[in-house]
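Notes follow the structure.
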Amino acid sequence: AITTPTEESVRRALAIQLINALEFGLLKNENPLQGANMVGWLTDTVEEAGILLQEHHYDIVLSDLHLPDCRGLKTVEQIKALAPGLPIVVLTGLDNRDAGRTAIQIGAQDYICKNDLTSQILENSIRFAIERHRLFMELETKKKRLEENEILFQRIIEKNADGMLLISENGRITLAN
């Protein structure tokens, strides 16, 4: 089924030095509702990206690893520091599984070699990276809330004048005040 994309379904991406951007039709559209993805801006450096990230709203950052002002996996670290709330997809000419694994471990949502890139792979990567990042952020929020509740629970137990024991199902004492 063919559907007309809505404003909510359009993903705005900040692309940092993607040599193949024109080849995949990623640059700005006259009508952003005509495609599932739209690069809101194409820049060459992490420094320029930092300025754009402060001035505009993006759903995702697409970046090469080898930029004029940053090289290798440091690029992912710097972008993550500039935009901790955004997913990052690395698009690079470097076909290296170890670098890809490390990029994911330090915060990228995906790592794609440009030689393997197709418009369908890119579209799926963007869509899935945004969803994975949303779920990760939701999980982090729940984890923080759980930690806060645990601290509150500990304070209640410590401040209670009555003696209290928490006993597990197998009869083991897990907490005593």
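It should be emphasised that the depicted structure is a prediction, and the values quoted were computed from it without experimental measurement.
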Any link between [X] and [Y] through a network of hydrophobic side chains (Ile, Leu, Val, Met, Phe, Trp, Tyr) touching at under 4.5 Å?
X      : Y      : result
Ile51  : Leu53  : no
Tyr111 : Ile106 : yes
Met164 : Phe153 : yes
Leu117 : Ile126 : yes
Tyr58  : Phe128 : no

To the nearest 0.5 Å, tell me how far [X] [atom1] sits from [Y] [atom2].
X      : Y      : atom1 : atom2 : answer
Ile130 : Gln109 : CD1   : CD    : 10.0 Å
Leu91  : Leu62  : CG    : CG    : 5.5 Å
Cys70  : Ile79  : SG    : CD1   : 7.5 Å
Asp110 : Arg127 : CG    : CZ    : 13.5 Å
Arg132 : Ser125 : CZ    : OG    : 6.5 Å
Leu139 : Arg134 : CG    : CZ    : 11.5 Å

Query raised in the report: Would you find more than 12 non-hydrogen atoms of other residues, nucleotides or ligands less than 6.0 Å from Glu55 atom CD?
Result: yes

**Report entry** Exceeds 12 heavy-atom contacts within 6.0 angstrom, atom CD of Glu47
**Finding:** no

Residue pair [X] / [Y]: nearest heavy atoms and the distance that separates them:
X      : Y      : answer
Asp162 : Asn160 : N-OD1, 2.8 Å
Cys113 : Gly93  : SG-O, 4.0 Å
Arg101 : Asp98  : NH1-OD1, 3.0 Å
Thr75  : Asp64  : CG2-O, 3.5 Å
Val89  : Ala129 : CG2-CB, 3.7 Å

Is the shortest side-chain heavy-atom distance between [X] and [Y] below 4.5 Å?
X      : Y      : answer
His66  : Thr92  : yes
Leu82  : Val46  : yes
Asp59  : Leu86  : no
Leu175 : Gln154 : yes
Lys144 : Thr141 : no

Requested in this report: Output yes when Lys114 and Asp95 qualify as a salt bridge under the 4.0 Å nitrogen-oxygen rule, no when they do not.
Outcome: no

Query - Ile88 and Lys80: CA distance, side-chain angles, deciding distance, side chain to side chain contact (heavy atoms under 4.5 Å, CB included) verdict - result: CA-CA 8 Å; Ile88 302 165; Lys80 188 163 173 60; 4.0 Å; yes

Report task. Show the numbers, then the answer: is there a side chain to side chain contact (heavy atoms under 4.5 Å, CB included) between Leu65 and Val90? Result -> CA-CA 7 Å; Leu65 287 180; Val90 173; 3.5 Å; yes

